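Let me begin by presenting the structure, written as structure tokens, before commenting on it.
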Amino acid sequence: MQVTRPLRTTAPAALLTATALLVLSACGTSEADSTGARGSGSGSGKTVEVRIPDPGNSGVLALGKKDGSLDKALGKVGAKVKWTGSAGPFAPAAQAMNADQLDIATGSITSGITSLAQRPGFKFFTAVDPDAAGEGILVRDGSGIESVTDLVGKKVAVNQGGTGEYLLLKALAKAKIPAEKVERVYLRPDQTAAVLNAGQVDAWAVWATYAVAEIGGGKAHFVADGAAIGSDNYSLNAVRTGFAEQHPEVVRALYDYLHEASAREKEDPVAYLNVFTDVGPTAVTGKAKEVQTEFTAQGGTVDPVGPEDIARFEAVAAFYAEQKVTKEKVDVAAHLLDVEKLT
């Protein structure tokens with residue numbers, strides 16, 4: 001396997017609404033602070049606090065925060081949200097859940113598997129179908145790279161153990177190209193746009209959160225998207241295991257809200273963009289707004305994890321073990337909740 005040490009860069013995030021790293025220090029709570037989150041639920045008369053990363057300027061949680069609908073839904077089971085930190089990569093969020101500093105986080109099955117390979121203190125309780133349109137191998141316009149085969153001998157930026165590395169390895173495997181024929185450059189996603197645009201890497205295996213700005217800016221395009229790659233990269237919601245055990249009714253109420261709101265978002269994506277502001281670095285504007293709207297309309301909804309989903313999760317886990325991303329095949333099924341049975 002040929003890899004490169006991370007490049008140093010001071011580039012700003014492409015879309016700060018969803019790319020800021022989780023601020024773990026902001027998530028920390030003392031035992032006294034977290035008493036509400038460990039309460040007895042709606043029957044105790046105490047309000048249960050659900051610690052969720054701040055959603056930024058777009059998406060279902062952003063609108064739920066602004067209009068109060070999320071707290072209203074959770075209030076029916078004696079709970080409310082405590083927004084903490086920032087939404088970002090799943091790996092630090094998983095660490096925060098393991099340390100009892102966070103209760104809910106969103107990530108991909110790919111980053112989830114590498115986190116499960118550690119000592120997980122969380123379980124997944126929802127699934128969103130893989131994003132066939134919004135993730136893939138991004139190249140600069142005019143780069144001369146017209147197919148996955150053209151990546152041979154090139155440098156491709158990926159986030160280690162997560163969506164990017166999976167997409168690249170999956171694309172290469174489908175094209176029957178040995179992984180060592182392409183140089184993987186491990187970078188944080190929020191640092192990679194400037195590196196790509198400076199020509200320090202030839203391509204970027206990436207998902208919609210970061211791809212939208214590049215495609216919308218007329219600077220780049222997918223040489224292969226999720227559909228062409230055959231991606232099984234689901235988006236998942238995770239809950240801290242202890243929280244789910246103590247407050248299953250809160251987890252179920254959160255799922256119900258996310259399920260219904262994600263269906264509305266798919267029907268009217270624009271209503272869930274630029275929730276707090278339509279100017280500045282967190283706003284999605286111009287062509288990027290059109291691109292994001294199209295991706296969301298084609299995307300999935302938040303649903304329970306079904307048997308067919310589990311089979312695809314296990315396929316990703318087997319692929320990761322085969323590609324030596326993990327030391328052995330991770331048992332994903334052991335870390336899933338049937339949210340429809342929670343009450």
Side-chain angles (χ1 to χ4, degrees), residues 18-39 41 48-55 61 79 81-128 159-166 186 188-190 233-248 250-252 254-255 258 302 305 310 313-314 316-317 320-321 325-339 342:
T19 61
L21 282 172
L22 182 69
V23 183
L24 297 183
S25 61
C27 296
T29 58
S30 66
E31 188 69 26
D33 290 337
S34 58
T35 300
R38 296 188 177 90
V48 177
E49 288 188 339
V50 190
R51 295 167 293 181
I52 303 176
D54 190 275
L61 290 178
V81 176
K82 181 178 181 181
W83 301 107
T84 180
S86 305
F90 184 71
Q95 293 172 359
M97 285 188 289
N98 292 347
D100 189 15
Q101 297 173 336
L102 195 65
D103 299 312
I104 301 291
T106 301
S108 64
I109 184 58
T110 48
S111 57
I113 286 171
T114 52
S115 294
L116 288 174
Q118 309 302 316
R119 298 173 61 182
F122 61 88
K123 293 184 183 295
F124 294 112
F125 66 101
T126 73
V128 179
N159 60 312
Q160 187 171 11
T163 292
E165 189 160 28
Y166 169 78
Y186 291 142
R188 271 180 24 197
D190 61 335
N233 187 39
Y234 282 75
S235 176
L236 310 174
N237 280 296
V239 58
R240 183 172 59 82
T241 302
F243 186 92
E245 291 172 347
Q246 294 168 345
H247 309 295
V250 178
V251 180
R252 176 56 190 265
L254 178 60
Y255 160 73
L258 293 173
V302 176
V305 178
I310 297 174
F313 295 170
E314 296 294 347
V316 176
Y320 258 24
V325 177
T326 56
K327 293 181 179 179
E328 57 187 9
K329 182 177 178 294
V330 173
D331 183 4
V332 180
H335 303 280
L336 301 175
L337 287 179
D338 187 342
V339 72
L342 299 180

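For clarity, every value in this text was computed on a predicted model and none was experimentally measured.
- When side chains are defined from C-beta on, F125 counts as touching I104, because their heavy atoms get closer than 4.5 Å.
- Residues P55 and W83 meet the side-chain proximity criterion, which asks for heavy atoms closer than 4.5 Å.
- To the nearest 0.5 Å, the span separating OH on Y320 from CG on L116 amounts to 12.0 Å.
- Shown here for L102 and R240, the closest heavy-atom pair between the two residues is O-CD, 3.5 Å.
- Looking at every heavy atom in both residues, R119 comes nearest to N98 through O-ND2, 3.5 Å.
- Closest heavy-atom contact between E49 and D103: O-OD2, 3.7 Å.
- When all heavy atoms of V325 and G161 are compared, the closest pair comes out as CG1-CA, 4.0 Å.
- With rounding to the nearest 0.5 angstrom, the CD atom of E165 is 8.0 Å from the CG atom of N159.
- Residues A127 and Y234 share a closest heavy-atom pair of CB-CD2, 3.9 Å.
- The CG atom of D190 lies 4.0 Å from the CZ atom of R188; values are rounded to the nearest 0.5 Å.
- Expressed to the nearest 0.5 Å, how far CD of Q246 lies from OG1 of T241 amounts to 11.0 Å.
- Under the 4.5 Å side-chain criterion, counting only non-hydrogen atoms from C-beta, V332 is in contact with I113.
- The shortest side-chain heavy-atom distance between Q95 and Q101 does not fall under the 4.5 Å cut-off.
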If you apply the rule side chain to side chain contact (heavy atoms under 4.5 Å, CB included), what do you find for V251 with H247, and how did you get there? CA-CA 7 Å; V251 180; H247 309 295; 5.6 Å; no
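- Between atom CG of residue L337 and atom CZ of residue R252 there is a gap of 12.5 Å, rounded to the nearest 0.5 Å.
- The backbone N or O of T114 sits nowhere less than 3.5 Å from a side-chain atom of T326 that would complete a donor-acceptor pair.
- The shortest distance between side-chain heavy atoms of V305 and T126 does not fall below 4.5 Å.
- Ring orientation note: the planes of F124 and F122 are nearly perpendicular, at an angle over 60° on the 30°/60° scale.
- Between the side chain of T110 and the backbone N or O of T163, at least one donor-acceptor pair lies under 3.5 Å.
- For the atom pair CZ of F90 and CD1 of I109, the computed distance is 9.0 Å after rounding to the nearest 0.5 Å.
- Across every non-hydrogen atom of A334 and K123, the tightest pair is O-NZ, 3.3 Å.
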